[in-house]
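In what follows, chains are A, B, ... by sequence order, proteins preceding strands, each numbered from 1. Side-chain atoms are counted along with the backbone in the values below, which use heavy atoms only and exclude waters and symmetry mates.
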2 protein chains.
Amino acid sequence: MVIVMNLDERKKKILSSVVEDYIESAEPVGSKTLVEKYHLDYSSATIRNEMKLLEEAGYLEQPHVSAGRIPSTKGYRYYVDNLMKERKLSMVDINYIDNTINGFGDTDAIFEQIADVVSKILSTPTVITKNNTDTIENIKVVKISDKLLLIVLMSKNGTVKDCIAKLTDTVEDNVIEQMTNILNRDLAGTPIKELHLALNTVIMKDLQAFSGIMDDVVNSIKYEMSKDMKKLNSGMEKILEKPEFSDIDKVKNFINMMSTKEIIDSALQKSKDNKLSIVIGSENKEVLLNDYTIISLDIEQDNKYLGKLSVIGPKRMNYAKTISTLKYINDKFKNTLISNKNKGNVKGDNSEKGRR
Amino acid sequence: MVIVMNLDERKKKILSSVVEDYIESAEPVGSKTLVEKYHLDYSSATIRNEMKLLEEAGYLEQPHVSAGRIPSTKGYRYYVDNLMKERKLSMVDINYIDNTINGFGDTDAIFEQIADVVSKILSTPTVITKNNTDTIENIKVVKISDKLLLIVLMSKNGTVKDCIAKLTDTVEDNVIEQMTNILNRDLAGTPIKELHLALNTVIMKDLQAFSGIMDDVVNSIKYEMSKDMKKLNSGMEKILEKPEFSDIDKVKNFINMMSTKEIIDSALQKSKDNKLSIVIGSENKEVLLNDYTIISLDIEQDNKYLGKLSVIGPKRMNYAKTISTLKYINDKFKNTLISNKNKGNVKGDNSEKGRR
DNA sequence: TTTTAGCACTCAAATTTATTAAGTGCTAAC
DNA sequence: GTTAGCACTTAATAAATTTGAGTGCTAAAA
């Protein structure tokens, strides 16, 4: 679909240098800088001619005539697709991730930890979108005290979510059992995003008799499931330090945009096919996001799609580092977290060794 | 301790008008504005003389010689203590609160809802500090599946908190029972803030035998209890619109300050004696907070102290509205939320009526 | 044909200067 | 005690000036 120009080696080198310098410095890059800093064995005049051609081909832009060049969306795209070198995550970052994400708590808690860690490392807001195509597999209701029930929802993909229901009346054990059975019968297999609706139907159809208790239980479930379908993470403190946010209006617009669920929602729905999706600047249909890049990675486990981890920042973001961070998190996630299969196996291995 | 000047009626009226106008407009208030807007039956020259006296007495300050006056910390203090009229919360706000806070979820979830609502109404960041002098009353451990335990912690004050522990090995029912008994025996009465320490002791002393499972359980509890002892709430979007944040450095400093746990921590510990505490500007020992006011209200229920609800904003905050909002929340809280006694009573009343 | 030195030109950003308007303090009269 | 009137101060705004980074083009060199 997109026609990729054939760039000769020198042009590639120049483009890649401009992108990398601009990512680092946030200043338009001039011909002199390129020659000096990136040891291009040509005079600045030659580089200037090349840059002009690159601009005419749409890879670079010039904020104004007496400024250096900055990459265009097309330039970033070419860089990401063809020029960028994979880089390994630094040991500092690896250690930080390993020591911070501990796998305690329910799925949401772990997602939150991940978003936190990614924000810290990349100095960027991070959003986690949970998979709401996942379906309910099993519901348990546990009586904690006279008027407190604990409801545990387990999904097909193995995530766990629980909520507390405070009852207005006391309730008999056998009532709880009946209720649990009905809930399981009617709700098993329901996609989480349809749970809201399904609960209404269930109440109408089969749970009239329990209406007193059910209101409390159902409302608790609804509330728990409805909240933070998208988990927005701060990371704001650090992104504000970036030079693109030296303008107060940009700060406000960005913060507002990030708080507008609809914008973020629609932006994140794009990447359906690819596990790693990179949407740069004007590639994003939402105009307000045209100055930003969103990089998302599907989080999977045992080939089950659990959700999407997305990073939102200025187009001038460190693509290489972002991608390697996301990938590292995903690898870690696959092997250690939420499911305990592997953790169990490791222990199993140890005990076998011990046995001989 | 503080010497309160005797201000005559005219001075009081002027001071109160300056404070209220400045709270509304964020601009230094001049003598002419006062005469016109607040119908003071004197010429601007007279008002100027009075303002000069008020400044000399320390109630007002002048940003520069050709500007109007703004209230000093002492001026705000006098206003809050002596001049401010209590105002009722508007019906719009009351409805918003009533419709948004629903009482579902555990204590943390409800606190979060409250912080959210307060932020929205006051356009200000809101912090909730949980009472960590509360003690553990009862611990329940529920087996959800082979390798999943649900641990429910109930405190003396009636708050509930739960966490999920993922086990590395399967566990027998009777083991869970034994473990639960030991946990309850050893931990009942432990203050929540000492739980971390106490857990270590318990493991050392009585739970050696269960070490395999306990690690997971204990870590889960620890993690759950350690996180968000202070729940910081955003509300940032809206506070940024206020004119004091038109300077980008102030924005950054404020956001950084709010993210620095220690500062907020120490600032909130002040108000020990009073249920409603107001710390204005330089009354705050933390220098970074000298431009801000913190208003906190103890949240209580059945005379039990559950935590503190605090609002942080510029000195120029709407004191009357903030206070009435906090009070309304607290009243609501006392009667409806967390505990279900009242809710139960209401239903009971209904059924009695129905019975006749 | 490709590269480069050299120079005129452009334009944003920084700096300086001028203008404006809001508000005061003081004096002298009411 | 109050107030009209006026000189004075100063931040904010606008306008003018300077500076400097970087370009594009031309013509000569490789």
Side-chain angles (χ1 to χ4, degrees), chain A residues 7-15 17-18 21-22 24-72 75 243-244 246-250, chain B residues 7-15 17-18 21-22 24-72 75 243-244 246-250:
Chain A
L7 300 184
D8 60 44
E9 283 312 308
R10 192 166 68 187
K11 287 201 180 64
K12 284 183 185 171
K13 177 76 182 143
I14 291 173
L15 177 54
S17 300
V18 170
D21 196 78
Y22 185 64
E24 201 194 310
S25 72
E27 298 289 336
V29 188
S31 52
K32 218 174 145 198
T33 311
L34 285 178
V35 174
E36 283 165 10
K37 224 167 142 186
Y38 296 89
H39 315 104
L40 302 182
D41 273 340
Y42 297 93
S43 75
S44 63
T46 309
I47 306 295
R48 276 204 288 286
N49 291 333
E50 290 284 61
M51 283 167 101
K52 186 146 196 245
L53 294 175
L54 279 168
E55 185 177 0
E56 278 160 10
Y59 296 96
L60 295 178
E61 346 184 292
Q62 214 173 4
H64 55 89
V65 73
S66 75
R69 300 303 203 301
I70 62 176
S72 65
E244 15 279 283
S246 61
D247 177 18
I248 190 122
D249 286 331
K250 285 218 182 102
Chain B
L7 299 186
D8 60 44
E9 284 310 310
R10 193 166 69 186
K11 286 200 180 62
K12 284 184 185 170
K13 177 73 181 148
I14 291 173
L15 177 53
S17 300
V18 170
D21 196 76
Y22 186 64
E24 200 195 309
S25 72
E27 298 288 338
V29 188
S31 51
K32 218 172 143 198
T33 312
L34 284 178
V35 174
E36 282 165 10
K37 225 167 141 186
Y38 295 90
H39 315 105
L40 301 182
D41 272 340
Y42 296 93
S43 75
S44 62
T46 308
I47 306 296
R48 276 203 290 283
N49 291 334
E50 289 284 62
M51 283 167 100
K52 185 145 197 244
L53 295 174
L54 279 167
E55 184 176 2
E56 277 159 12
Y59 294 96
L60 294 179
E61 0 188 276
Q62 214 174 6
H64 55 87
V65 71
S66 74
R69 299 301 202 301
I70 62 175
S72 66
E244 15 280 282
S246 60
D247 177 18
I248 191 121
D249 286 329
K250 286 220 182 100

Between P of dG1(D) and CD1 of Ile47(B), the distance in whole Å: 16 Å

Distance, rounded to the nearest Å, where Leu40(B) contributes CG and dT2(D) contributes C1': 14 Å

Out of dT9(D), dG22(D), dT3(D), whichever nucleotide has its closest atom nearest the side chain of Ser66(B): dT9(D)

Spacing of Lys52(A) atom NZ relative to dT26(D) atom P, expressed in whole Å: 10 Å

Length of the line joining Leu34(B):CG and dT3(D):C1', which is rounded to integer Å: 16 Å

Asp41(B) CG to dT3(D) C1', straight-line distance once rounded to whole Å: 14 Å

Short side-chain N/O contact to dA4(D) OP1/OP2 from Arg48(B), under 4.0 Å: no

Atom pair OG1 (Thr46(A)) and CZ (Arg10(A)), whose distance is rounded to the nearest 0.5 Å: 6.0 Å

Salt bridge flag under 4.0 Å for residues Glu9(A) and Lys12(A): yes

Spacing of Asn49(B) atom CG and Ser43(B) atom OG [to the nearest 0.5 Å]: 8.0 Å

Between P of dG22(D) and CG of Leu60(A), the distance in whole Å: 15 Å

Rounded distance in Å - CG (Leu53(B)) to P (dT2(D)): 11 Å

Along DNA chain D (nearest heavy atom to each residue), the more 5'-positioned of His64(B) and Ala45(B): Ala45(B)

Evaluation steps, side chain to side chain contact (heavy atoms under 4.5 Å, CB included), between Tyr59(B) and Val18(B): CA-CA 10 Å; Tyr59(B) 294 96; Val18(B) 170; over 6 Å; no

Under-4.0 Å side-chain N/O to phosphate OP1/OP2 contact, Ser31(A) with dT23(D): yes

Opening and closing nucleotides of DNA chain C in contact with chain A, under 4.0 Å to non-hydrogen atoms: dT3(C) to dA12(C)

Donor-acceptor pair, side chain of Ser31(B) and main chain of Arg48(B), under 3.5 angstrom: no

Of Glu55(B), Met51(B), Glu56(B), the residue whose pairing with Leu53(B) passes side-chain contact (heavy atoms from CB on, under 4.5 Å): Glu56(B)

Atom-to-atom span, CD of Glu27(A) to C1' of dT23(D) - whole angstrom: 17 Å

From Leu34(A) atom CG to Glu50(A) atom CD, the distance as rounded to the nearest 0.5 Å: 11.5 Å

